[in-house]
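Residue numbering restarts at 1 for every chain, and letters A, B, ... go by the order of the sequence lines. The analysis underlying the following values was restricted to heavy atoms, covering all of them including side chains, and did not include hydrogens, waters or symmetry mates.
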2 protein chains.
Amino acid sequence: MRYKAGLETRDRILDATRRLIAEAGLEGTTIKAICDRAEVLPGSFYNLFDSKEQAIVTVVREAIEAVDPDPEHLGKDTLAALVEAYIVFITEQSDLAGVYIAIAVSGTRNNPDLRERFLRHHERRVTRFAAAIEREHPEIEAGARSRRAETLVSALNGIALHRVLDPRFDAAAHSRALLNGALIPL
Amino acid sequence: MRYKAGLETRDRILDATRRLIAEAGLEGTTIKAICDRAEVLPGSFYNLFDSKEQAIVTVVREAIEAVDPDPEHLGKDTLAALVEAYIVFITEQSDLAGVYIAIAVSGTRNNPDLRERFLRHHERRVTRFAAAIEREHPEIEAGARSRRAETLVSALNGIALHRVLDPRFDAAAHSRALLNGALIPL
DNA sequence: TTCAAATTAGAGTCATCACTCAAATATCGA
DNA sequence: TCGATATTTGAGTGATGACTCTAATTTGAA
């Protein structure tokens, strides 16, 4: 992979892989399907990737990173900003969102590597949300703080899940509703 | 399937299928895996089921029905009761919960039949939640009511999703937190 | 007890899976 | 322009997928 052609082919393959996982899930993501969509022959695929797994993991890493953008802003973001960032991810990077959800469910069952990667990511994410809560509501004690963060992150994933199933689902409004605690009047 | 032996074999196959989907997802649910676990040979499987699909759909139907138990109670349940019922489903029927989540994500992508079935189920579920909200908070207008119901149902699915990934996740506490709107102080 | 029908056994079919390989071709630094 | 190396071609490998078929065995109603 030292020539321009190789890099372009690699991009096409990753593109195809990303879209396929989002559309058809891991089950439908076969070498043949990837190659057909990327307009590449299996030989070329294996010239650039060691295995199907490698291409998938590359795309999964992309997705996981896209969930938590702007890492240098870490430690400064507000809860609202974190939720808005997730909304952008869900709605404007829907392929990656599809990958994210597909992996959360199918990928982590048989692949301990992916599973650990995902759980670590989830933990970081909860920590980031908890830190935002702390900044805005220092009166809440640490335990309750991280519990609330975890509830919120999981609930947001539920929103993302449903948005993947039904593109008409208004993920933005539902995410903001969650944030505002406006679910049920107290 | 008229003799006792046939019915028992059928049960063993459905049992194996249910546990396999929960553990390994749709991807890992092969005829061989089902037959090994059920201690049955392929010939017996195909004597009782027309296809692998049929066994899977049977189990999926079970899962979808288990999410909304006690249908005759419909129109009388409280929001809290609905949430508690889902908690029971997630924690005490974790195999079916695993099937439910696996299908929500992977199953609906390539199988329009499953997809439609799932979306119809989701709609019924949202309606049931919205009716409970109406009973307890008649002051909320219809639109807001069903929007809130939809937020809650999706968020609960997020809780279920995470519980499937991590059995230590305290799904009950997080579900109740959602219900109480105690996510973030207003 | 008999026997038609249900069930099971288990080898076999065909398609598709991930992946390989040797030969042909394209690329680009020197 | 040359030539070492990257890239592409495309047929081919063995393993495994869903599913079939025939013969043997078991079942239970009459």
Side-chain angles (χ1 to χ4, degrees), chain A residues 1-21 23-60 99 102-103 106-107 109-114, chain B residues 1-21 23-60 99 102-103 106-107 109-114:
Chain A
M1 207 177 59
R2 294 206 281 236
Y3 296 167
K4 204 178 55 175
L7 287 169
E8 278 172 9
T9 303
R10 192 186 131 93
D11 279 351
R12 282 214 312 286
I13 289 174
L14 289 177
D15 234 60
T17 305
R18 188 184 313 115
R19 276 157 48 217
L20 263 171
I21 297 176
E23 284 170 29
L26 282 180
E27 234 190 324
T29 304
T30 65
I31 292 290
K32 186 179 174 353
I34 293 172
C35 290
D36 282 356
R37 194 174 284 216
E39 290 180 319
V40 148
L41 289 171
S44 288
F45 180 96
Y46 283 98
N47 175 52
L48 295 165
F49 294 90
D50 290 341
S51 64
K52 182 180 105 165
E53 187 75 5
Q54 194 184 81
I56 290 178
V57 167
T58 303
V59 166
V60 168
V99 171
I103 267 27
S106 329
R109 293 200 218 228
N110 298 311
N111 191 324
D113 201 58
L114 272 187
Chain B
M1 207 177 60
R2 293 206 281 235
Y3 296 165
K4 204 178 55 173
L7 286 170
E8 279 171 7
T9 303
R10 192 186 130 94
D11 279 351
R12 282 213 314 283
I13 289 174
L14 289 177
D15 234 58
T17 306
R18 188 183 314 115
R19 277 157 47 215
L20 263 171
I21 297 176
E23 285 170 27
L26 282 181
E27 234 190 326
T29 304
T30 66
I31 291 290
K32 186 180 174 351
I34 293 172
C35 290
D36 283 356
R37 194 173 284 217
E39 290 180 320
V40 148
L41 288 172
S44 290
F45 180 96
Y46 283 99
N47 176 51
L48 294 164
F49 295 90
D50 290 341
S51 64
K52 181 180 106 165
E53 188 74 6
Q54 196 186 78
I56 290 177
V57 167
T58 303
V59 165
V60 168
V99 171
I103 266 28
S106 329
R109 295 199 215 229
N110 298 311
N111 190 324
D113 201 58
L114 272 187

Rounded distance in Å - [atom1] ([X]) to [atom2] ([N]):
{"X": "A/E39", "N": "D/dT7", "atom1": "CD", "atom2": "P", "value": "19 Å"}
{"X": "A/E27", "N": "D/dG17", "atom1": "CD", "atom2": "P", "value": "13 Å"}
{"X": "B/D36", "N": "C/dG10", "atom1": "CG", "atom2": "C1'", "value": "14 Å"}
{"X": "A/L7", "N": "D/dT8", "atom1": "CG", "atom2": "P", "value": "10 Å"}
{"X": "B/N47", "N": "D/dT20", "atom1": "CG", "atom2": "P", "value": "12 Å"}

Would you give the length of the straight line joining atom CD1 of B/I56 to atom CG of B/L114, rounded to the nearest 0.5 angstrom? 8.5 Å
Ignoring hydrogens and geometry beyond distance, is a side-chain donor-acceptor pair present between A/S106 and B/S106 at under 3.5 Å? yes
Within the 3.5 Å criterion, strictly below it, is a donor on B/N111 or B/E53 matched to an acceptor on the partner's side chain? yes
With the threshold set at under 4.0 Å for non-hydrogen atoms, list the residues of residues 10-19 of chain B touching DNA chain C in residue-number order. none
Contact string for nucleotides 18-30 of chain C, one letter per nucleotide 5' to 3', B = base within protein heavy-atom range under 4.0 Å, S = sugar-phosphate only, - = neither, reads SBBB-----BS--
Do you know which two heavy atoms are closest between B/A24 and A/R109, and how far apart they sit? C-CD, 4.0 Å
Search all heavy atoms of A/L41 against all heavy atoms of A/C35 and return the closest pair with its distance. C-SG, 4.1 Å
Donor-acceptor under 3.5 Å (A/K52 side chain, A/T29 main chain): yes
Mind checking whether B/E23 and B/R37 have side chains closer than 4.5 Å, heavy atoms only? yes
Measure the shortest side-chain to side-chain distance between B/L48 and B/V40 over non-hydrogen atoms and say whether it is less than 4.5 angstrom. no
Just compare C/dT7, D/dG10, D/dT8 and give me whichever is closest to any side-chain atom of A/L41. D/dG10
